[in-house]
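Residue numbers begin at 1 in each chain, while the letters A, B, ... track the order of the sequences. Predicted model only: the values in this text are computed from it and were never measured.
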There are 2 protein chains.
Amino acid sequence: MGSLADLIEQYLQQLLAQANQVELQRRELAKMFRCVPSQINYVLETRFTVDRGYLIESRRGGGGFIRIYRIQKELPRRIADVVPEQLTREEAEELLETLAEQGEIHEEQALLARYILEQSLQGVAPEVEPLIRAKLLAGILMVYKDRDNY
Amino acid sequence: MGSLADLIEQYLQQLLAQANQVELQRRELAKMFRCVPSQINYVLETRFTVDRGYLIESRRGGGGFIRIYRIQKELPRRIADVVPEQLTREEAEELLETLAEQGEIHEEQALLARYILEQSLQGVAPEVEPLIRAKLLAGILMVYKDRDNY
DNA sequence: ACCTCTCTGACCTTTACTGACCTATGTTCA
DNA sequence: TGAACATAGGTCAGTAAAGGTCAGAGAGGT
(Lines give C-alpha, C1' and ligand atoms only; values in the text may rest on other atoms or scores of the structure.)
Protein backbone atom coordinates (compact mmCIF):
# COMPACT_ATOMS: atom_id res chain seq x y z
CA MET A 1 0.00 0.00 0.00
CA GLY A 2 0.99 3.56 -0.20
CA SER A 3 0.58 4.44 -3.82
CA LEU A 4 -0.88 7.84 -4.47
CA ALA A 5 -4.04 6.23 -5.74
CA ASP A 6 -4.37 4.44 -2.41
CA LEU A 7 -3.93 7.67 -0.51
CA ILE A 8 -6.54 9.47 -2.51
CA GLU A 9 -8.87 6.55 -2.10
CA GLN A 10 -8.39 6.61 1.65
CA TYR A 11 -9.01 10.30 1.79
CA LEU A 12 -12.25 10.01 -0.11
CA GLN A 13 -13.42 7.04 1.83
CA GLN A 14 -12.79 8.93 5.00
CA LEU A 15 -15.04 11.67 3.76
CA LEU A 16 -17.63 9.13 2.72
CA ALA A 17 -17.58 7.59 6.16
CA GLN A 18 -19.02 10.80 7.54
CA ALA A 19 -21.58 11.67 4.93
CA ASN A 20 -22.54 9.11 2.37
CA GLN A 21 -22.22 11.54 -0.43
CA VAL A 22 -19.28 13.75 -1.16
CA GLU A 23 -18.72 16.55 -3.65
CA LEU A 24 -15.36 17.68 -4.85
CA GLN A 25 -13.53 19.60 -7.49
CA ARG A 26 -11.18 17.58 -9.57
CA ARG A 27 -8.62 20.33 -9.97
CA GLU A 28 -8.58 21.14 -6.29
CA LEU A 29 -8.19 17.56 -5.21
CA ALA A 30 -5.43 17.07 -7.75
CA LYS A 31 -3.66 20.14 -6.45
CA MET A 32 -4.04 18.87 -2.91
CA PHE A 33 -2.26 15.65 -3.78
CA ARG A 34 0.13 17.30 -6.21
CA CYS A 35 -0.82 15.27 -9.22
CA VAL A 36 -2.44 15.77 -12.57
CA PRO A 37 -6.23 15.96 -12.62
CA SER A 38 -6.64 12.80 -14.64
CA GLN A 39 -5.18 10.92 -11.73
CA ILE A 40 -8.41 11.62 -9.92
CA ASN A 41 -10.30 9.94 -12.72
CA TYR A 42 -8.03 6.97 -12.40
CA VAL A 43 -8.83 6.63 -8.73
CA LEU A 44 -12.53 6.95 -9.34
CA GLU A 45 -12.51 4.44 -12.17
CA THR A 46 -10.53 1.82 -10.32
CA ARG A 47 -11.79 2.26 -6.77
CA PHE A 48 -15.23 3.77 -6.75
CA THR A 49 -16.99 1.49 -9.15
CA VAL A 50 -20.62 0.48 -9.16
CA ASP A 51 -19.56 -3.04 -8.28
CA ARG A 52 -18.14 -1.73 -5.09
CA GLY A 53 -21.21 0.25 -4.31
CA TYR A 54 -20.50 3.73 -5.56
CA LEU A 55 -22.03 6.04 -8.12
CA ILE A 56 -20.33 9.01 -9.74
CA GLU A 57 -21.95 12.13 -11.05
CA SER A 58 -20.13 15.08 -12.57
CA ARG A 59 -20.49 18.33 -14.44
CA ARG A 60 -17.98 20.17 -16.58
CA GLY A 61 -17.46 23.83 -17.17
CA GLY A 62 -17.62 26.72 -14.74
CA GLY A 63 -18.69 25.54 -11.32
CA GLY A 64 -18.07 21.98 -12.34
CA PHE A 65 -17.92 19.22 -9.76
CA ILE A 66 -17.65 15.52 -9.12
CA ARG A 67 -20.00 13.84 -6.71
CA ILE A 68 -19.54 10.40 -5.24
CA TYR A 69 -22.55 8.62 -3.82
CA ARG A 70 -22.37 5.53 -1.77
CA ILE A 71 -25.21 3.26 -2.63
CA GLN A 72 -26.88 2.02 0.46
CA LYS A 73 -26.38 -1.64 -0.24
CA GLU A 74 -28.32 -3.22 2.52
CA LEU A 75 -26.75 -6.41 3.64
CA PRO A 76 -28.32 -9.35 1.93
CA ARG A 77 -29.79 -11.68 4.48
CA ARG A 78 -29.26 -14.74 2.38
CA ILE A 79 -26.00 -15.83 0.89
CA ALA A 80 -27.91 -16.87 -2.17
CA ASP A 81 -28.80 -13.23 -2.73
CA VAL A 82 -25.19 -12.35 -3.12
CA VAL A 83 -23.77 -15.36 -4.94
CA PRO A 84 -25.09 -15.93 -8.46
CA GLU A 85 -25.74 -19.34 -10.00
CA GLN A 86 -22.46 -19.25 -11.84
CA LEU A 87 -19.22 -17.41 -11.29
CA THR A 88 -16.16 -16.88 -13.41
CA ARG A 89 -12.88 -16.63 -11.67
CA GLU A 90 -12.82 -12.89 -12.06
CA GLU A 91 -16.35 -12.51 -10.76
CA ALA A 92 -15.55 -14.56 -7.71
CA GLU A 93 -12.50 -12.41 -7.19
CA GLU A 94 -14.49 -9.23 -7.39
CA LEU A 95 -17.18 -10.56 -5.09
CA LEU A 96 -14.71 -11.54 -2.42
CA GLU A 97 -13.01 -8.19 -2.66
CA THR A 98 -16.28 -6.37 -2.24
CA LEU A 99 -17.33 -8.49 0.71
CA ALA A 100 -14.01 -7.86 2.40
CA GLU A 101 -14.23 -4.17 1.74
CA GLN A 102 -17.69 -3.96 3.18
CA GLY A 103 -16.52 -5.73 6.27
CA GLU A 104 -18.73 -8.74 5.64
CA ILE A 105 -15.71 -11.00 5.86
CA HIS A 106 -12.11 -10.51 6.93
CA GLU A 107 -9.28 -10.11 4.47
CA GLU A 108 -7.80 -13.38 5.68
CA GLN A 109 -11.05 -15.14 5.08
CA ALA A 110 -11.15 -13.83 1.54
CA LEU A 111 -7.63 -15.09 0.96
CA LEU A 112 -8.46 -18.48 2.35
CA ALA A 113 -11.58 -18.69 0.22
CA ARG A 114 -9.49 -17.88 -2.84
CA TYR A 115 -7.12 -20.65 -1.97
CA ILE A 116 -9.87 -23.18 -1.48
CA LEU A 117 -11.51 -22.23 -4.75
CA GLU A 118 -8.22 -22.54 -6.53
CA GLN A 119 -7.35 -25.90 -5.04
CA SER A 120 -10.75 -27.40 -5.39
CA LEU A 121 -11.26 -26.49 -9.00
CA GLN A 122 -8.09 -28.16 -10.19
CA GLY A 123 -9.02 -30.67 -12.83
CA VAL A 124 -12.66 -29.72 -12.98
CA ALA A 125 -14.13 -29.78 -16.48
CA PRO A 126 -14.22 -26.18 -17.78
CA GLU A 127 -17.88 -26.27 -18.72
CA VAL A 128 -19.04 -26.93 -15.18
CA GLU A 129 -16.40 -24.86 -13.47
CA PRO A 130 -18.41 -21.65 -13.04
CA LEU A 131 -21.29 -23.61 -11.60
CA ILE A 132 -19.17 -25.46 -9.12
CA ARG A 133 -17.27 -22.33 -8.21
CA ALA A 134 -20.50 -20.61 -7.33
CA LYS A 135 -21.77 -23.45 -5.18
CA LEU A 136 -18.45 -23.77 -3.49
CA LEU A 137 -18.19 -20.13 -2.69
CA ALA A 138 -21.72 -20.07 -1.42
CA GLY A 139 -20.80 -22.94 0.82
CA ILE A 140 -17.70 -21.27 2.11
CA LEU A 141 -19.58 -18.09 2.86
CA MET A 142 -22.20 -20.08 4.71
CA VAL A 143 -19.48 -21.48 6.86
CA TYR A 144 -18.11 -18.05 7.54
CA LYS A 145 -21.50 -16.73 8.36
CA ASP A 146 -22.33 -19.86 10.22
CA ARG A 147 -25.47 -20.96 8.51
CA ASP A 148 -27.86 -18.07 7.91
CA ASN A 149 -29.80 -20.64 5.88
CA TYR A 150 -29.55 -21.92 2.36
CA MET B 1 20.58 -25.15 6.34
CA GLY B 2 22.34 -21.95 5.57
CA SER B 3 21.09 -21.44 2.06
CA LEU B 4 19.99 -18.01 1.05
CA ALA B 5 16.40 -19.19 1.02
CA ASP B 6 16.79 -20.20 4.64
CA LEU B 7 18.19 -16.81 5.55
CA ILE B 8 15.36 -14.98 3.89
CA GLU B 9 12.89 -17.29 5.56
CA GLN B 10 14.42 -16.57 8.95
CA TYR B 11 14.35 -12.88 8.35
CA LEU B 12 10.69 -12.94 7.42
CA GLN B 13 9.77 -15.18 10.28
CA GLN B 14 11.49 -12.84 12.62
CA LEU B 15 9.32 -10.02 11.34
CA LEU B 16 6.26 -12.20 11.64
CA ALA B 17 7.10 -12.96 15.23
CA GLN B 18 6.50 -9.32 16.04
CA ALA B 19 3.44 -8.58 14.00
CA ASN B 20 1.43 -11.37 12.52
CA GLN B 21 1.26 -9.69 9.20
CA VAL B 22 4.14 -8.26 7.26
CA GLU B 23 4.29 -6.18 4.13
CA LEU B 24 7.30 -5.96 1.89
CA GLN B 25 8.50 -5.02 -1.53
CA ARG B 26 9.92 -7.82 -3.56
CA ARG B 27 12.56 -5.68 -5.22
CA GLU B 28 13.74 -4.18 -1.96
CA LEU B 29 13.98 -7.48 -0.19
CA ALA B 30 15.84 -8.94 -3.15
CA LYS B 31 18.25 -6.04 -3.10
CA MET B 32 18.75 -6.49 0.61
CA PHE B 33 19.82 -10.07 0.14
CA ARG B 34 21.63 -9.40 -3.13
CA CYS B 35 19.62 -11.81 -5.17
CA VAL B 36 17.24 -11.75 -8.06
CA PRO B 37 13.61 -10.87 -7.25
CA SER B 38 12.21 -14.21 -8.26
CA GLN B 39 14.21 -15.72 -5.45
CA ILE B 40 11.73 -14.09 -3.12
CA ASN B 41 8.95 -15.92 -4.87
CA TYR B 42 10.83 -19.14 -4.40
CA VAL B 43 11.07 -18.56 -0.67
CA LEU B 44 7.41 -17.70 -0.43
CA GLU B 45 6.35 -20.70 -2.49
CA THR B 46 8.42 -23.18 -0.57
CA ARG B 47 8.27 -21.78 2.95
CA PHE B 48 5.19 -19.68 3.42
CA THR B 49 2.56 -22.03 2.13
CA VAL B 50 -0.99 -22.46 3.35
CA ASP B 51 0.02 -25.88 4.64
CA ARG B 52 2.34 -24.17 7.01
CA GLY B 53 -0.16 -21.59 8.04
CA TYR B 54 0.58 -18.60 5.87
CA LEU B 55 -1.40 -16.65 3.35
CA ILE B 56 0.10 -14.44 0.68
CA GLU B 57 -1.43 -11.41 -0.92
CA SER B 58 0.23 -9.23 -3.50
CA ARG B 59 -0.23 -6.41 -5.96
CA ARG B 60 1.71 -5.60 -9.08
CA GLY B 61 2.41 -2.30 -10.72
CA GLY B 62 3.58 0.95 -9.23
CA GLY B 63 3.48 0.82 -5.46
CA GLY B 64 3.14 -2.94 -5.60
CA PHE B 65 3.67 -5.05 -2.50
CA ILE B 66 3.65 -8.52 -1.03
CA ARG B 67 1.91 -9.22 2.24
CA ILE B 68 2.33 -12.28 4.34
CA TYR B 69 -0.36 -13.17 6.84
CA ARG B 70 0.10 -15.74 9.45
CA ILE B 71 -2.98 -17.72 10.26
CA GLN B 72 -3.09 -19.90 13.26
CA LYS B 73 0.03 -21.91 13.34
CA GLU B 74 -0.72 -25.43 14.55
CA LEU B 75 -4.00 -25.64 12.77
CA PRO B 76 -2.89 -26.61 9.27
CA ARG B 77 -0.71 -29.37 10.59
CA ARG B 78 -3.50 -30.84 12.64
CA ILE B 79 -5.87 -30.78 9.76
CA ALA B 80 -3.31 -32.33 7.46
CA ASP B 81 -2.87 -35.08 10.05
CA VAL B 82 -6.54 -35.84 10.02
CA VAL B 83 -7.38 -35.56 6.34
CA PRO B 84 -5.64 -38.03 3.99
CA GLU B 85 -4.46 -37.21 0.48
CA GLN B 86 -7.52 -38.80 -1.04
CA LEU B 87 -10.98 -39.56 0.24
CA THR B 88 -13.82 -41.62 -1.08
CA ARG B 89 -17.31 -40.48 -0.37
CA GLU B 90 -17.72 -43.05 2.34
CA GLU B 91 -14.45 -42.14 3.97
CA ALA B 92 -15.34 -38.48 4.02
CA GLU B 93 -18.65 -39.36 5.52
CA GLU B 94 -17.01 -41.37 8.21
CA LEU B 95 -14.42 -38.75 8.95
CA LEU B 96 -17.04 -36.07 9.41
CA GLU B 97 -19.00 -38.28 11.69
CA THR B 98 -15.97 -38.97 13.81
CA LEU B 99 -15.02 -35.32 14.04
CA ALA B 100 -18.52 -34.40 15.09
CA GLU B 101 -18.57 -37.15 17.67
CA GLN B 102 -15.30 -36.02 19.11
CA GLY B 103 -16.60 -32.49 19.37
CA GLU B 104 -14.04 -31.16 16.92
CA ILE B 105 -16.82 -29.64 14.87
CA HIS B 106 -20.52 -29.12 15.47
CA GLU B 107 -23.17 -31.35 14.00
CA GLU B 108 -24.42 -28.47 11.89
CA GLN B 109 -20.97 -27.91 10.53
CA ALA B 110 -20.74 -31.54 9.53
CA LEU B 111 -24.05 -31.27 7.72
CA LEU B 112 -22.98 -28.18 5.92
CA ALA B 113 -19.70 -29.79 4.94
CA ARG B 114 -21.57 -32.73 3.49
CA TYR B 115 -23.72 -30.39 1.49
CA ILE B 116 -20.76 -28.47 0.15
CA LEU B 117 -18.91 -31.61 -0.81
CA GLU B 118 -21.94 -32.97 -2.58
CA GLN B 119 -22.65 -29.81 -4.48
CA SER B 120 -19.09 -29.09 -5.41
CA LEU B 121 -18.23 -32.49 -6.76
CA GLN B 122 -21.05 -32.60 -9.25
CA GLY B 123 -19.55 -33.17 -12.66
CA VAL B 124 -16.04 -33.76 -11.49
CA ALA B 125 -14.16 -36.45 -13.39
CA PRO B 126 -14.28 -39.66 -11.32
CA GLU B 127 -10.55 -40.23 -11.37
CA VAL B 128 -9.74 -36.96 -9.64
CA GLU B 129 -12.76 -36.93 -7.38
CA PRO B 130 -11.12 -38.43 -4.27
CA LEU B 131 -8.25 -36.02 -4.57
CA ILE B 132 -10.44 -32.99 -4.86
CA ARG B 133 -12.73 -34.22 -2.14
CA ALA B 134 -9.79 -34.41 0.22
CA LYS B 135 -8.49 -30.95 -0.59
CA LEU B 136 -11.93 -29.52 -0.36
CA LEU B 137 -12.63 -31.05 3.01
CA ALA B 138 -9.27 -29.92 4.32
CA GLY B 139 -10.12 -26.42 3.14
CA ILE B 140 -13.53 -26.51 4.74
CA LEU B 141 -12.12 -27.67 8.04
CA MET B 142 -9.53 -24.94 7.86
CA VAL B 143 -12.30 -22.41 7.40
CA TYR B 144 -14.25 -23.83 10.33
CA LYS B 145 -11.29 -23.63 12.60
CA ASP B 146 -10.15 -20.35 11.21
CA ARG B 147 -13.52 -18.82 11.84
CA ASP B 148 -13.14 -19.44 15.53
CA ASN B 149 -10.28 -16.98 15.58
CA TYR B 150 -12.28 -13.95 14.66
C1' DA C 1 25.94 -40.53 -11.08
C1' DC C 2 21.75 -38.96 -9.64
C1' DC C 3 18.35 -36.49 -7.24
C1' DT C 4 16.58 -32.70 -4.90
C1' DC C 5 16.75 -28.20 -3.50
C1' DT C 6 18.40 -23.48 -4.89
C1' DC C 7 18.93 -19.83 -7.70
C1' DT C 8 19.01 -16.98 -11.97
C1' DG C 9 17.37 -14.47 -16.12
C1' DA C 10 14.41 -13.76 -19.86
C1' DC C 11 9.95 -12.65 -20.72
C1' DC C 12 4.98 -11.49 -19.24
C1' DT C 13 1.03 -9.20 -16.90
C1' DT C 14 -0.87 -5.81 -13.96
C1' DT C 15 -1.22 -1.30 -11.92
C1' DA C 16 -0.04 3.62 -11.50
C1' DC C 17 0.59 7.97 -13.42
C1' DT C 18 1.23 11.76 -16.82
C1' DG C 19 0.24 14.95 -20.63
C1' DA C 20 -1.78 16.20 -24.84
C1' DC C 21 -5.97 16.96 -26.64
C1' DC C 22 -11.22 17.12 -26.37
C1' DT C 23 -15.85 18.50 -24.70
C1' DA C 24 -19.09 20.94 -21.84
C1' DT C 25 -20.64 25.00 -19.25
C1' DG C 26 -20.57 29.65 -17.67
C1' DT C 27 -19.46 34.77 -18.47
C1' DT C 28 -18.56 39.02 -20.75
C1' DC C 29 -19.11 42.57 -23.88
C1' DA C 30 -19.56 44.50 -28.64
C1' DT D 1 -27.78 38.06 -29.12
C1' DG D 2 -24.02 35.74 -29.86
C1' DA D 3 -19.05 35.30 -30.47
C1' DA D 4 -15.07 35.00 -27.79
C1' DC D 5 -12.99 33.73 -23.73
C1' DA D 6 -12.47 31.40 -19.31
C1' DT D 7 -13.14 27.45 -16.51
C1' DA D 8 -14.32 23.25 -15.59
C1' DG D 9 -14.11 17.93 -16.24
C1' DG D 10 -13.28 13.58 -19.84
C1' DT D 11 -10.52 10.46 -22.68
C1' DC D 12 -6.89 7.91 -24.16
C1' DA D 13 -2.45 6.49 -25.41
C1' DG D 14 2.01 6.02 -23.78
C1' DT D 15 5.47 5.23 -20.15
C1' DA D 16 7.10 3.63 -15.79
C1' DA D 17 7.07 0.67 -12.00
C1' DA D 18 6.03 -2.92 -9.78
C1' DG D 19 5.28 -8.36 -9.15
C1' DG D 20 4.56 -13.37 -11.68
C1' DT D 21 6.08 -17.36 -14.33
C1' DC D 22 8.88 -20.84 -16.00
C1' DA D 23 12.68 -23.28 -17.98
C1' DG D 24 17.01 -24.38 -17.03
C1' DA D 25 21.62 -23.91 -14.79
C1' DG D 26 24.08 -24.72 -10.36
C1' DA D 27 25.15 -26.84 -5.82
C1' DG D 28 25.13 -30.28 -2.28
C1' DG D 29 24.26 -34.53 -0.55
C1' DT D 30 23.94 -40.05 -0.97
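Between the CD1 atom of Ile66(B) and the C1' atom of dG19(D) there is a distance of 6 Å, rounded to whole Å. When the C1' atom of dT15(C) is taken as reference, atom CD of Glu93(A) falls 15 Å away, rounded to whole Å. Note: CD (Gln39(A)) to P (dC12(D)) measures 17 Å, nearest angstrom. One atom, CG of Leu29(A), and another, P of dG10(D), lie 12 Å apart when rounded to the nearest Å. Nucleotide dA6(D) holds its C1' atom 14 Å from the CD atom of Gln25(A), rounded to whole Å. Note: CD1 (Ile56(B)) to P (dT21(D)) measures 12 Å, nearest angstrom. Rounded to an integer number of Å, the gap from CG of Leu4(A) to P of dA17(D) is 15 Å. Spacing between atom CZ of Phe33(B) and atom C1' of dC7(C) amounts to 15 Å, rounded to whole angstrom units.
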Trace of the side chain to side chain contact (heavy atoms under 4.5 Å, CB included) decision for Tyr54(A) with Thr49(A): CA-CA 5 Å; Tyr54(A) 301 96; Thr49(A) 63; 5.9 Å; no
Stepwise side chain to side chain donor-acceptor pair (under 3.5 Å) check, Tyr69(B) with Glu23(B): CA-CA 9 Å; Tyr69(B) 295 90; Glu23(B) 181 174 320; over 6 Å; no
Side chain to side chain contact (heavy atoms under 4.5 Å, CB included) between Leu96(B) and Leu137(B), worked out: CA-CA 9 Å; Leu96(B) 280 170; Leu137(B) 185 53; 4.1 Å; yes
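At the heavy-atom level, Ser38(A) lies under 4.0 Å from base atoms of the strands shown. If you check every strand for non-hydrogen atoms under 4.0 Å, Gly61(A) touches a base. Nucleic acid contact for Arg26(B): base, since at least one base atom lies under 4.0 Å from a heavy atom of the residue.
Under the 4.5 Å side-chain heavy-atom criterion for grouping Ile, Leu, Val, Met, Phe, Trp and Tyr, Leu117(B) is connected to Val82(B) within one hydrophobic cluster. There is no path of hydrophobic side-chain contacts, each under 4.5 Å, that joins Tyr42(B) to Leu24(B). Taken together through direct or relayed side-chain contacts under 4.5 Å among Ile, Leu, Val, Met, Phe, Trp and Tyr, Leu44(A) and Ile71(A) form parts of separate hydrophobic clusters.
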Under 4.0 Å protein heavy-atom contact, by nucleotide of nucleotides 24-30 of chain D - B base, S sugar-phosphate only: -------
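Not one side-chain nitrogen or oxygen of Ser3(A) sits closer than 4.0 Å to the OP1 or OP2 atom of dT15(C). The side chain of Arg59(B) contributes no N or O atom lying less than 4.0 Å from OP1 or OP2 of dG20(D).
Contacts with DNA chain C (heavy atom under 4.0 Å) in residues 40-49 of chain A: Tyr42(A), Arg47(A), listed by number.
Mapping Gly62(B) and Arg27(A) onto DNA chain D via the closest heavy atom, the residue that lands nearer the 5' end is Arg27(A).
Geometrically, Arg52(A) does not engage Phe48(A) in a cation-pi contact, judged by NZ or CZ lying under 6.0 Å from the ring centre and within 45° of the ring axis.
With sequence neighbours left out, Glu9(B) forms a side chain to side chain donor-acceptor pair (under 3.5 Å) with Arg47(B).
Ion pairing between Glu91(A) and Arg133(A) fails under the 4.0 Å rule for side-chain N and carboxylate O.
One donor-acceptor pair, N or O on each side, does fall under 3.5 Å between the base of dT13(C) and the side chain of Arg60(B).
Screening Arg59(A), Arg26(A), Arg60(A) against Phe65(A) for a side chain to side chain contact (heavy atoms under 4.5 Å, CB included) leaves a single residue, Arg59(A).
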